[in-house]
2 protein chains.
Amino acid sequence: MLRLFFAPLPAAVRCRTLKNMNTCAATRLDELLQRLRKAGHRLTPQRVAIVRQLLERDDHPSVEQLHTAILAEFPTTSLATVYKTIHLLKQLGEVLELGFGELGSRYDGRHPRPHPHLICTRCGSITDPPCPDDEVDALASRIAKQSGFAVSSHRFDLFGLCPACRARS
Amino acid sequence: MLRLFFAPLPAAVRCRTLKNMNTCAATRLDELLQRLRKAGHRLTPQRVAIVRQLLERDDHPSVEQLHTAILAEFPTTSLATVYKTIHLLKQLGEVLELGFGELGSRYDGRHPRPHPHLICTRCGSITDPPCPDDEVDALASRIAKQSGFAVSSHRFDLFGLCPACRARS
DNA sequence: ATTAGTGCAAAACGTTTGCAACATT
DNA sequence: AATGTTGCAAACGTTTTGCACTAAT
């Protein structure tokens, strides 16, 4: 059923099959699934669907949103499975978890490495700014150096109004 | 009972009564309580105790930790009251809430304005780095400008090992 | 055939809420 | 005296867990 992921097609063909997806993302999907399998995990349809969602969407979905999307494909998928899969991906460093008090947890499967986020406090949208992550990394290490901290990860969130919501006010 | 907060003593006297507290913090306590009262809120013993905890400690306590500390003074204080008080202080901008997925919410009543935090992933300690907040603010506005975002607040968390835990490894 | 993963329901967890009794103003 | 606050318990939303069944390997 999902055999196509195990024997990847040429990039050109692969990319034509997934709308709005660039070569990089499609490649990452294949690679990620390979890594999952090599780590001894089974590629169930539900699991693959969840991974695909995480790689295809760029809106930092919540668990609830992921579950809803998966249900369209596999109507019996449980919330618990979504949670378990996300947990697995977190452990493997394949998704970045963004926990917000009120907004709940959101996930970024496209760029699992730390990078800044813009959170609109009106519409709740979360976007990745077109910013060189290096600057943030640099600031992080500078601060860490001064305090003798060994920084392994960081998080930079900017709260405010997105351009759309600004215009709407 | 708590009348002394309403008619503040001279700074020199005030500071002698609170160990390990600098003039600034003691002043802020008085001012904060005044502001609370002027906003039409009542200064109950529990409430004052919670505010004091938030200003005296520098360890970014959790709700649970605050509750435990308050219980020593007022054994019947409920968790709900702590939550309600924190909620009130948040609304008034007197405390900064730091929500962490696994660590739960932590609170900073000393520096309610956004500033970076160093979170030790081993011992769970949260400290304020000796860093000029301006740098973070500057980076935040630079990123915001590029993306048309109107930033009203931000958050910069660094995860890693604190000096003590580094030495212990 | 093994054994990891699923799905369900129950439990756990932090937080919020409704309300009668209470204490500050 | 008026009314904001407390404390209890119940409700809440999110995440986790136990376990029998199912399905990928």
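In what follows, every chain begins at residue 1, and chains take the letters A, B, ... in the order their sequences are listed. The model shown is predicted, which means the values in this text are computed figures rather than measured ones.
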Give the rounded distance in Å between these two atoms: [atom1] of [X] and [atom2] of [N].
X: Phe74(A); N: dA24(D); atom1: CZ; atom2: C1'; result: 14 Å
X: Arg47(A); N: dA23(D); atom1: CZ; atom2: P; result: 15 Å
X: Arg37(A); N: dG5(C); atom1: CZ; atom2: P; result: 14 Å
X: Leu36(A); N: dA24(D); atom1: CG; atom2: C1'; result: 14 Å
X: His67(A); N: dT15(D); atom1: NE2; atom2: C1'; result: 14 Å
X: Gln91(B); N: dT5(D); atom1: CD; atom2: P; result: 11 Å
X: Leu88(B); N: dT6(D); atom1: CG; atom2: P; result: 9 Å
X: Gln65(B); N: dG14(C); atom1: CD; atom2: P; result: 12 Å

> Could you go step by step and tell me if Phe159(A) and Asp157(A) meet the side chain to side chain contact (heavy atoms under 4.5 Å, CB included) rule?
Replying inline: CA-CA 6 Å; Phe159(A) 303 93; Asp157(A) 296 331; 3.9 Å; yes
> Does any N or O donor sit under 3.5 Å from an N or O acceptor when you compare the side chain of Lys84(B) with the base of dG4(D)?
Replying inline: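 Side chain to base: no pair below 3.5 Å.
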> Honestly curious: do Ile126(A) and Phe149(B) fall in one hydrophobic cluster under the side-chain, below-4.5 Å linking rule?
Replying inline: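 As far as the 4.5 Å side-chain criterion goes, Phe149(B) and Ile126(A) are not connected within one cluster.
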Between [X] and [N], does any side-chain N or O lie under 4.0 Å from OP1 or OP2?
X: Gln46(A); N: dG7(C); result: yes
X: His41(B); N: dT5(D); result: yes
X: Ser78(B); N: dC8(D); result: no
X: Tyr83(B); N: dT16(C); result: no
X: Thr44(A); N: dT6(C); result: yes
X: His87(A); N: dT15(D); result: no

Of the listed nucleotides ([options]), which one gets closest to any side-chain atom of [X]?
X: Thr85(A); options: dT5(D), dT6(C), dG7(D); value: dT6(C)
X: Ser105(A); options: dT6(D), dT25(C), dT15(D); value: dT15(D)
X: Arg42(B); options: dT15(D), dG5(C), dT25(C); value: dT25(C)
X: Thr81(A); options: dT24(C), dT6(C), dT25(D); value: dT6(C)
X: Pro45(A); options: dT15(D), dT17(D), dA24(D); value: dA24(D)

>> salt bridge (Lys or Arg N to Asp or Glu O under 4.0 Å), that's the test. Do Arg106(A) and Asp108(A) meet it? Break it down for me.
In response: CA-CA 7 Å; Arg106(A) 306 295 204 88; Asp108(A) 190 333; over 6 Å; no
> Minimum heavy-atom separation for Leu96(B) to Pro114(B), with atom names?
Replying inline: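 The pair with the smallest heavy-atom distance is CD2-CA, 4.4 Å.
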>> Assess whether a salt bridge exists between Arg35(A) and Glu94(A), defined as any Lys/Arg side-chain N lying under 4.0 Å from an Asp/Glu carboxylate O.
In response: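 A salt bridge is present here (some side-chain N lies under 4.0 Å from a carboxylate O).
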> Is it true that Arg57(B) and Asp59(B) make a salt bridge, defined as a side-chain N closer than 4.0 Å to a carboxylate O?
Replying inline: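 Looking at Arg57(B) and Asp59(B), the cut-off is met.
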> Which comes earlier along DNA chain D counting from the 5' end, the contact point of Lys90(A) or that of Ile50(B), where each point is its nearest nucleotide?
Replying inline: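 Looking at DNA chain D, the more 5' nearest nucleotide goes with Ile50(B).
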